[in-house]
Amino acid sequence: MTVSRVVNGHAGVRDANRERVMRSIHELGYRPNLAASTLAAAQHTCIALIYTNPSSSYLRELLVGALRGSARVAAQLVIETWDGLSAEERRAAARQLAGSVAGVILPPPLCESKTVVSEFVRAGVPAVSIASAHFSDTISCVRIDDHRASYDMVAHLVAHGHRRIGYIKGDPDQTASAHRLQGYKDALSEAGIAYDDKLVQPGHFTYRSGLEAAERLLALRRPPSAIFASNDDMASAVVSVAHRRGLDVPRDLSVVGFDDTSAATMVWPELTTIHQPVAAMADAAMDILLREIRRTSPSTRVIVNQVVPHQLVTRDSVADLPDSTAGRKATG
């Protein structure tokens with residue numbers, strides 16, 4: 001114990017004992033293992049990442065960031081999935097988990113659950129939400145400006161001549177979905193394009209919901225010349241439906257997505273999309289948690305609302321389209 005205190009610079013060691021320890025360290029050529037010391041110090045810093053997200057590509061980015069962040073700060077990362085749990089079961093799971101972790105990362109849609117959040121807040125366990133479009137006064141969050149990102153994408157399509165722009169919404173239980181829809185509407189209004197509810201279809205951030213929405217949009221008497229799906233999984237599904245109908249993407253139909261996950265580059269053509277830095281957001285969430293956990297006084301607790309920049313990534317799924325040709329072939 002005395003050696004440990006001397007090596008780590010702690011007070012409370014008599015000068016004579018400190019001198020003896022330092023002399024022995026010098027004689028033995030001892031070099032402390034900093035990595036081991038960090039791990040030992042962090043052995044009780046256990047962070048939980050809980051997910052129920054249906055998008056495997058989104059989940060991959062989330063895990064990469066969380067694992068990178070936990071390795072950097074030498075915290076233990078516990079990964080749990082609460083798929084299929086009822087609201088009451090999630091409450092019970094949160095209550096149980098709160099007793100064994102120092103902090104929690106909550107990606108969507110769990111970060112939108114008042115039931116789950118309130119359990120961790122009540123237990124005094126710091127939590128950080130990822131990608132919630134709603135800033136909370138109870139837990140910190142790391143997010144992008146979903147409204148602005150969606151607005152930027154629609155403006156991009158308008159700049160390429162598109163005026164009949166279909167839109168596939170996200171999960172209605174996530175605040176980001178509402179913000180992205182509003183960004184779509186505001187960009188249309190800014191361009192002088194009337195909002196048409198027939199061009200907006202429900203989705204749930206799943207590939208299957210993207211297939212169904214694309215079929216409905218392309219079956220319209222006047223189908224869109226471009227479709228904006230509010231995540232890459234659904235946008236990939238739109239490309240699949242277009243190919244099945246004999247449409248060329250982007251010549252006959254432009255398709256864009258959101259998130260810039262691996263799904264955006266696993267289809268042909270590769271998708272123009274909004275880059276949401278999910279991995280970097282998870283990494284940042286880990287930093288916020290560690291700062292909160294190591295805060296010496298609960299009275300100095302700070303709720304962080306960190307907005308990270310998004311980026312419009314252009315690839316090959318958008319073509320210029322004069323107004324006169326809009327929707328020409330898609331009627332087939």
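Interatomic distance, C46 SG to L77 CG, rounded to the nearest 0.5 Å: 8.0 Å. Between atom OG1 of residue T52 and atom CG of residue L106 there is a gap of 10.0 Å, rounded to the nearest 0.5 Å. Here L181 contributes atom CG and D186 contributes atom CG; the two are 9.5 Å apart, rounded to the nearest 0.5 Å. Once rounded to the nearest 0.5 Å, the distance linking CD1 of I293 with CD1 of I47 reads 3.5 Å. Atom OG of S150 sits about 9.5 Å away from atom CD1 of I144, to the nearest 0.5 Å. Going from atom CD1 of I165 over to atom OH of Y195 covers 13.0 Å, rounded to the nearest 0.5 Å.
V313 and L157 end up in different hydrophobic clusters when Ile, Leu, Val, Met, Phe, Trp and Tyr side chains are linked at under 4.5 Å. Taking hydrophobic clusters as Ile, Leu, Val, Met, Phe, Trp and Tyr residues chained together by side-chain heavy-atom distances below 4.5 Å, V308 shares a cluster with I105. V64 and M286 fall into different hydrophobic clusters, where Ile, Leu, Val, Met, Phe, Trp and Tyr residues are linked whenever their side-chain heavy atoms come under 4.5 Å apart, directly or through other members. Linking ILVMFWY residues whenever their side-chain heavy atoms come closer than 4.5 Å, directly or via other members, leaves L62 and V78 in distinct clusters. Residues Y151 and I274 fall into different hydrophobic clusters, defined by Ile, Leu, Val, Met, Phe, Trp and Tyr side chains chained together at heavy-atom separations under 4.5 Å.
With D146 contributing its side chain and A176 its backbone, the two residues share no donor-acceptor pair below 3.5 Å. The main-chain N or O of F258 is found under 3.5 Å from a side-chain atom of T273 such that the two form a donor-acceptor pair. With H147 contributing its side chain and A178 its backbone, the two residues share no donor-acceptor pair below 3.5 Å. Although no hydrogens or angles enter the test, the distance criterion places a donor-acceptor pair under 3.5 Å between the side chain of D232 and the main chain of D260. Put simply, the side chain of R180 never gets that close to the backbone of G170: no donor and acceptor are under 3.5 Å apart. A donor-acceptor distance shorter than 3.5 angstrom exists from the side chain of S230 to the backbone of I168, with no hydrogens or angles considered. A donor-acceptor contact shorter than 3.5 Å links the side chain of S118 to the backbone of T115. Looking at S189, its side chain never comes within 3.5 Å of a backbone N or O of K185 through a donor-acceptor pair. Remark: the backbone N or O of S254 is not paired with any side-chain donor or acceptor of S317 at under 3.5 angstrom. Side-chain atoms of S70 come within 3.5 Å of backbone atoms of L67 as a donor-acceptor pair (strictly under, hydrogens ignored).
The aromatic rings of Y184 and Y167 sit parallel, their planes meeting at an angle under 30°, below the 60° perpendicular limit.
Residues R122 and R95 fail the side-chain proximity criterion, which asks for heavy atoms closer than 4.5 Å. Between W268 and V239 the shortest side-chain heavy-atom distance does not fall below 4.5 Å. Residues E292 and V128 are not in side-chain contact: their nearest non-hydrogen atoms beyond the backbone lie 4.5 Å or more apart. In this structure, L218 and L247 have side chains that are in contact, with non-hydrogen atoms separated by less than 4.5 Å. Annotation: side chain of V249 is not in contact with side chain of V238 (no heavy-atom distance under 4.5 Å). The closest side-chain heavy-atom distance from L271 to S236 is below 4.5 Å. Counting only heavy atoms from C-beta outward, the side chains of N231 and Y58 never approach each other to under 4.5 Å. Taking the side chain as every heavy atom from C-beta outward, R143 and V307 approach each other to under 4.5 Å.
Across all their heavy atoms, Q174 and P109 have their closest contact at NE2-CB, 3.7 Å. The two residues G203 and P172 have their closest heavy-atom pair at O-CD, 4.1 Å. Between S140 and V304, the shortest heavy-atom contact is OG-N, 2.8 Å. Taking each heavy atom of A48 and L97 in turn, the nearest pair found is CB-CD2, 3.7 Å. For the pair V117 and C111, the tightest heavy-atom approach, listed with the atom from each and the gap, is CG2-O, 3.9 Å. Pairing each heavy atom of Y207 with each of S240, the nearest pair is OH-CB, 3.3 Å.
Taking a 6.0 Å sphere around CZ of R68, one finds it holds more than 12 heavy atoms contributed by other residues, nucleotides or ligands.
Between D252 and R245 no salt bridge is recorded (no basic side-chain N to carboxylate O distance below 4.0 Å). A salt bridge does not link D287 to R291: none of the charged side-chain nitrogens sits closer than 4.0 Å to a carboxylate oxygen.
For S57, the side-chain contact (heavy atoms from CB on, under 4.5 Å) partners two or more places apart in sequence, or in a different chain, are S55, D233, T261, S262, A263. Residues passing the side-chain contact (heavy atoms from CB on, under 4.5 Å) test with S86, sequence neighbours excluded: E88, E89.
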Would F120 and I139 count as a side chain to side chain contact (heavy atoms under 4.5 Å, CB included) if you check the C-alpha gap in whole Å, the side-chain angles of each, and the deciding distance to 0.1 Å? CA-CA 9 Å; F120 291 118; I139 64 172; over 6 Å; no
H179 vs D145, side chain to side chain contact (heavy atoms under 4.5 Å, CB included): CA-CA, chis, key distance, verdict: CA-CA 8 Å; H179 284 241; D145 185 339; 5.8 Å; no
Trace of the side chain to side chain contact (heavy atoms under 4.5 Å, CB included) decision for V154 with I193: CA-CA 11 Å; V154 175; I193 301 172; over 6 Å; no
Report the C-alpha separation of E61 and D259 in whole Å, then their side-chain angles, then the decisive distance to 0.1 Å, and conclude whether the side chain to side chain contact (heavy atoms under 4.5 Å, CB included) test is met. CA-CA 10 Å; E61 296 297 316; D259 287 335; over 6 Å; no
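Checking S132 against E112 by side-chain atom types alone, a donor-acceptor pair falls below 3.5 Å. Residues H204 and D171 bring no donor and acceptor atom of their side chains to less than 3.5 Å of each other.
Evaluated for a side chain to side chain donor-acceptor pair (under 3.5 Å) with S225, the options H160, H162, R164 yield exactly one hit, H162.
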